[in-house]
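A short worksheet on the structure shown next.
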Amino acid sequence: MILGKVIGTVWATRKDENLVGLKFLIVKHLNLDYSEKEQFMIAVDSVQAGVGDVVLIATGSSARQTVVTKNKAIDAVTMAVVDKLDIPKKV
């Protein structure tokens with residue numbers, strides 16, 4: 001899974017009929033301290049995420065395992081909206 005932040009949406013009025021009704025999000029990859037990496041991806045939204053939300057992204061065949069994306073040509077999907085990261089400090 002990939003930790004990321006939703007920075008925008010993609011509008012595509014013409015697309016494969018199996019993708020009609022799906023929302024596409026632009027997600028910037030994040031480090032554990034929430035700083036942004038250079039990489040980004042486009043992911044289908046399955047958890048009603050919005051701009052500014054920190055999300056977990058599943059990719060590959062796992063991205064096609066949600067109710068929203070079942071048997072669709074999807075390579076990345078939002079799986080969760082992150083409330084908090086709990087990382088104990090090193091001693």
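This one's a predicted model, so the numbers in the text were calculated from it and none came from an experiment. FYI, side chains are in, hydrogens and waters are out, and symmetry mates aren't considered; it's all heavy atoms of this structure.
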Taking all non-hydrogen atoms of both residues into account, name the closest pair between [X] and [Y] and its distance.
X     : Y     : answer
Met1  : Ala58 : CE-CB, 4.5 Å
Glu36 : Leu30 : CG-CD2, 3.7 Å
Ala63 : Ala76 : CB-N, 3.7 Å
Leu19 : Lys72 : CD2-CB, 4.4 Å
Gly50 : Asp53 : N-OD2, 2.8 Å

When clusters are formed by joining ILVMFWY residues with side-chain heavy atoms under 4.5 Å apart, either directly or through shared neighbours, do [X] and [Y] land in the same one?
X     : Y     : answer
Val82 : Ile87 : yes
Ile42 : Val20 : no
Leu22 : Val55 : no
Val44 : Ile7  : yes

Under the side-chain contact (heavy atoms from CB on, under 4.5 Å) criterion, do Ile2 and Met41 qualify, and how do the steps go? CA-CA 10 Å; Ile2 297 166; Met41 65 178 24; 3.7 Å; yes

Should [X] and [Y] count as side-chain neighbours, where that means a heavy-atom distance under 4.5 Å?
X     : Y     : answer
Leu25 : Lys23 : yes
Tyr34 : Val54 : yes
Thr9  : Ile26 : no

Under 3.5 Å, is there a donor-acceptor pair between the side chain of [X] and the main chain of [Y]?
X     : Y     : value
Lys15 : Ala12 : yes
Asp45 : Val47 : yes
Thr78 : Ile57 : no

Take atom CZ of Phe24 as the centre, draw a 6.0 Å sphere, and report whether it contains more than 12 heavy atoms from other residues, nucleotides or ligands.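 Yes.
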
Criterion side-chain contact (heavy atoms from CB on, under 4.5 Å) on Arg64 and Asn71, from CA distance to verdict: CA-CA 6 Å; Arg64 294 183 292 279; Asn71 298 320; over 6 Å; no

Val81 vs Leu56, test: side-chain contact (heavy atoms from CB on, under 4.5 Å). Steps then yes/no. CA-CA 7 Å; Val81 175; Leu56 288 178; over 6 Å; no

Checking Lys37 now: which residues fulfil salt bridge (charged side-chain N to carboxylate O under 4.0 Å, His left out) with it, not counting sequence neighbours?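 Partners of Lys37 by the salt bridge (charged side-chain N to carboxylate O under 4.0 Å, His left out) criterion come out as none, since no residue qualifies.
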
Out of curiosity, Ser62 OG to Ile74 CD1, how far, rounded to the nearest 0.5 Å?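 That separation rounds to 13.5 Å.
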
Gap separating the NZ atom of Lys5 from the OG atom of Ser35, nearest 0.5 angstrom: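 Output value for this atom pair is 11.0 Å.
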
Go through the steps for Thr59 and Val77 under the test side-chain contact (heavy atoms from CB on, under 4.5 Å), then give the verdict. CA-CA 7 Å; Thr59 59; Val77 66; over 6 Å; no

